[in-house]
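Accompanying notes for the structure given below.
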Amino acid sequence: MCPIQVTTIRGRGRAYCATASIAKGETVLTSSPIAAIVSQEWLPETCLWCFYCSYPRRNKVRAIAHQDIKRRKTPFEGAGFCSDSCKELAVTSNYAGEWEIVQKAYLALDHEYRAREQHEGIATPAASEVDVEDYFGGHVDADISETEEATDINDSVKLKEYIDRVWNLATRDSALLANTESFVPESERVDMCKLIATCLIRNYYSENSISDPSIQNFDSLMHMQYNEVTRFQDLYRKMEVAGSTMTIPATALQSFEEASKYVPEDIMQDIQLYLFFSAAFEKKDIDIPWAFNHTLFRHVLYREMSNSFGIWDPSEGSDQELLGWALHPKAVYFNHSCEPNIRKVRQGRNMVFIAEQNIEQGDELCIAYGSVAEPVDERRNRLFDNYSFWCQCSRCTRESA
Ligand SMILES: C[S@@+](CC[C@H](N)C(=O)[O-])C[C@H]1O[C@@H](n2cnc3c(N)ncnc32)[C@H](O)[C@@H]1O
């Protein structure tokens with residue numbers, strides 16, 4: 001048993017703390033991911049299960065059988081495993097049938113991406129031709145109750161309602177939907193869609209299969225910190241419109257066009273990404289047994305942003321390559337410190353957390369979210385830009401005093 005427990009610390013939220021003393025070098029936690037994605041760039045050489053990167057040699061075992069590869073034009077068709085046993089583990093560590101559906105979803109996203117990238121026969125329909133119900137296959141969310149009040153950006157509850165309304169409006173706005181097919185996401189954002197699809201497919205299988213305690217369920221993801229509102233607030237404060245008002249008028253919700261004037265560009269990109277995601281799965285020939293909507297999509301998107309772990313290639317020394325991303329529900333309670341007492345090491349698919357020094361009972365266990373070599377202002381700004389928090393660790397507090 002690991003001598004650690006989750007405790008709440010003022011100003012830092014939940015945190016792992018030691019329940020007994022821990023000796024330097026002791027492993028405090030080993031975590032396996034609920035979902036992981038190898039980035040498009042490294043797919044041909046990186047094992048989908050253990051993340052061993054054999055670059056420049058390609059993976060030995062293909063994910064998709066030769067006879068099933070129709071055109072071999074999309075990245076996932078080149079994906080694979082370093083061994084048959086890794087492939088076997090990938091298939092058997094899911095619910096029955098789940099792995100095949102995940103592969104289908106990846107191919108659907110790849111096809112949508114490639115089609116948009118190459119403008120392969122995509123005719124942008126006129127706004128009047130877009131049938132919203134048809135576009136979303138009936139998955140359009142019900143609207144939330146009308147509010148006639150202005151929205152104060154600092155009021156998190158009201159702002160969440162505003163954000164929900166904006167997403168509802170966006171997914172019904174025929175002008176936006178008509179133009180949406182000309183939007184080509186960056187390849188890393190397509191990778192993000194694959195990670196989200198993996199989680200939503202797990203949600204479907206968790207709800208529709210006989211429970212298997214060895215498989216992590218979607219619920220474990222929901223315990224991760226949800227950063228949608230704080231991200232909106234941070235981005236909004238940087239917008240020009242925000243210079244004049246921290247209040248969004250009630251009239252903004254009359255139409256998506258009006259509402260979008262008060263939506264930061266990065267959030268508009270998130271909405272476009274969802275429209276891309278749903279377009280990939282609303283094609284007639286794609287048979288994926290799940291229900292998705294923008295609420296579920298956002299549940300994963302705004303958790304991934306400050307909770308995921310990079311999959312770094314350890315063989316590269318100081319010039320490590322980022323091979324992909326993984327979500328580890330058990331490991332998300334490690335806060336950041338610029339003088340961390342825990343080191344994280346990737347061992348194959350797992351993340352292992354090891355004490356860097358002797359730790360006393362009651363001490364908080366912290367890792368470093370990236371480099372801590374820069375001066376305090378640089379460190380704090382980077383953490384704020386990447387994770388939306390102002391570092392309150394002992395070193396930052398000391399160095400900024
Ligand atoms: C991966 S989560 C860690 C667990 C988190 N405290 C929770 O309650 O879920 C990262 C978040 O924890 C908080 N956090 C982590 N390290 C921090 C620090 N040094 N100073 C202030 N907040 C911190 C920030 O809100 C950050 O977005």
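Note that ligands are numbered from 1 as they come in the structure, with each ligand's atoms numbered from 1 the same way.
Looking at atom 19 (N) of ligand 1, its nearest protein heavy atom turns out to be H336 O, 2.8 Å. From the protein, the heavy atom lying nearest to atom 9 (O) of ligand 1 is R14 NH2, 2.8 Å. Atom 21 (C) of ligand 1 has its closest protein heavy atom at F389 CD1, 3.5 Å. Given atom 4 (C) of ligand 1, the protein heavy atom at minimum distance is V332 O, 3.1 Å.
There is no side-chain donor-acceptor pair under 3.5 Å between T251 and Q254.
Close approach of ligand 1 to Y369 (heavy-atom distance below 4.0 Å) involves ligand atoms 1 (C), 2 (S), 3 (C), 10 (C), 15 (C). Annotation for ligand 1: atoms under 4.0 Å from non-hydrogen atoms of Y387 are 27 (O). The Q392 neighbourhood of ligand 1 comprises atoms 18 (C), 19 (N), 20 (N), 21 (C), with distances under 4.0 Å to a heavy atom of that residue. Ligand 1 places these atoms under 4.0 Å from at least one heavy atom of W390: 20 (N), 21 (C).
Geometrically, ligand 1 and Q225 share a nitrogen or oxygen pair separated by less than 3.5 Å. Every N/O-N/O distance between S306 and ligand 1 stays at or above 3.5 Å.
Using a distance-only test at 3.5 Å, with no hydrogens or angles considered, a donor-acceptor pair links the side chain of R380 to the main chain of C391. Not one N or O on the side chain of E112 forms a donor-acceptor pair closer than 3.5 Å with the backbone of F277. A donor-acceptor pair under 3.5 Å is formed between the side chain of N358 and the backbone N or O of K24.
A distance of 10.5 Å separates CD1 in I342 from CD in E364, rounded to the nearest 0.5 Å.
Contact record, Y262 with Y162: CB-OH, 3.5 Å, taken as the closest heavy-atom pair. Residues M305 and Y302 share a closest heavy-atom pair of SD-CD2, 4.1 Å.
Contact between C391 and ligand 1 is present, with at least one heavy atom of the residue lying under 4.0 Å from the ligand. Using 4.0 Å as the threshold, A15 has no heavy atom nearer than that to any atom of ligand 1.
Under the ring pair (Phe, Tyr, Trp, His ring centres under 6.0 Å) rule, H299 has a single partner from F218, F292, Y226, which is Y226.
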Give the intermediate values and the outcome of side-chain contact (heavy atoms from CB on, under 4.5 Å) for residues Q233 and S156.
CA-CA 9 Å; Q233 286 168 328; S156 303; 3.7 Å; yes
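Nearest to atom 12 (O) of ligand 1 by heavy-atom distance, out of N307, N335, L383, V6, is N335.
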